Asks: 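Please read through the structure below; I'll follow up with questions.
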Amino acid sequence: MEFLKELFSGGPLSYDQLVQAAEERGIQAVNAAGGAYVPQAELEHAHGQIATLTGQLSDASKKLEGYDPEWRAKAEADRQRLEAQQFDFALERALAAAKPRNAKALLNFLDRDKLTLAGGEIIGLDKQLEALKKGEDTAFLFETAPPRRTGMTHQYGGEGAPDKKDMANAALRSLFGSEHRI
């Protein structure tokens with residue numbers, strides 16, 4: 001740190017004056033404000049670690065290839081199979097929440113290429129399900145509220161439509177002119 005005493009021996013300096021004074025004495029000035037400066041020892045240590053790890057990776061790859069020359073292709077196939085399985089599970093959960101009558105039948109109407117898995121959720125499924133629910137030829141795939149029956153007066157605790165049985169009997173009596181109950 002003695003070189004700093006030499007630089008500032010004449011008093012305070014601006015940045016430009018400091019750079020000029022450092023260059024005159026053969027000192028290289030570096031602006032480390034952005035974190036650009038790394039001590040040489042740390043840089044050499046990092047380069048050494050990179051070389052060591054690269055060598056270890058190369059050795060491990062050679063050993064694996066010695067056991068199974070196609071290990072990389074198999075690892076990639078297993079990764080793709082795992083991703084597909086995660087997608088299928090997420091799709092099944094999402095379809096169950098949509099309450100279709102038959103989830104397997106509904107799968108045939110979905111465009112799987114337009115669906116993606118992100119964060120455990122299927123992106124694009126809601127749009128397709130809404131279109132299927134509104135479609136005349138696909139609305140049957142989803143559960144709907146059962147229709148309210150109003151045929152009998154005692155159903156649902158109120159005054160419904162006249163009893164269908166009584167209406168049929170009255171029609172038959174009027175046809176045959178009989179007042180007997182059938």
Side-chain angles (χ1 to χ4, degrees), residues 1 15 19 22 27-158 160-161 164-165:
M1 297 300 252
Y15 179 74
V19 171
I27 300 171
Q28 185 179 6
V30 176
N31 184 359
Y37 177 74
V38 176
Q40 184 67 29
E42 286 184 32
L43 183 62
E44 289 173 0
H45 178 69
H47 282 298
Q49 283 183 326
I50 290 171
T52 302
L53 293 173
T54 303
Q56 288 175 351
L57 178 62
S58 177
D59 291 343
S61 294
K62 287 177 185 175
K63 286 180 184 177
L64 283 173
E65 287 175 1
Y67 292 119
D68 186 2
E70 298 177 6
W71 71 272
R72 289 179 194 210
K74 290 179 181 177
E76 180 63 21
D78 287 343
R79 184 190 62 76
Q80 289 176 352
R81 207 172 13 251
L82 179 62
E83 287 177 359
Q85 190 176 33
Q86 289 173 336
F87 179 85
D88 289 342
F89 288 149
L91 184 59
E92 286 177 17
R93 281 193 310 270
L95 287 180
K99 297 182 181 177
R101 290 179 189 230
N102 185 333
K104 288 185 180 181
L106 182 59
L107 283 173
N108 294 326
F109 291 92
L110 295 176
D111 185 359
R112 291 175 67 107
D113 294 335
K114 293 182 180 178
L115 301 176
T116 57
L117 177 65
E121 293 186 25
I122 303 293
I123 307 298
L125 180 64
D126 292 340
K127 186 183 256 185
Q128 288 189 36
L129 290 177
E130 285 303 315
L132 291 172
K133 285 179 182 178
K134 292 178 182 176
E136 289 181 23
D137 54 345
T138 55
F140 72 93
L141 293 168
F142 299 93
E143 292 180 7
T144 57
R148 185 173 168 110
R149 295 183 187 162
T150 60
M152 303 188 116
T153 57
H154 64 276
Q155 281 185 329
Y156 303 106
K164 300 281 186 188
K165 181 180 169 187

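Heavy atoms only: backbone and side chains are in, while hydrogens, waters and symmetry mates are out. Everything numeric in this text was worked out from a predicted model, so none of it was measured.
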Asks: For residues 122-135, which side-chain donor-acceptor pairs fall under 3.5 Å, sequence neighbours excluded?
Replies:
{"unit_1": "Gln128", "atom_1": "OE1", "unit_2": "Asp111", "atom_2": "N", "d": "2.9"}
{"unit_1": "Gln128", "atom_1": "NE2", "unit_2": "Asp111", "atom_2": "O", "d": "3.1"}

Asks: Which residue pairs pass the side-chain hydrogen bond (donor to acceptor under 3.5 Å, both in side chains) test with at least one member in residues 80-101, sequence neighbours excluded?
Replies: Glu76-Gln80, Asp78-Arg81, Arg79-Glu83, Asp88-Arg112
Asks: Counting distance only, does the side-chain N/O of Thr52 pair as donor-acceptor with the main-chain N or O of Gly48 below 3.5 Å?
Replies: yes
Asks: Test of understanding: with salt bridge (Lys or Arg N to Asp or Glu O under 4.0 Å), list the residues that count as partners of Glu44, not counting sequence neighbours.
Replies: none
Asks: Counting only heavy atoms not in Phe89, do more than 12 fall under 6.0 Å of its CZ?
Replies: no
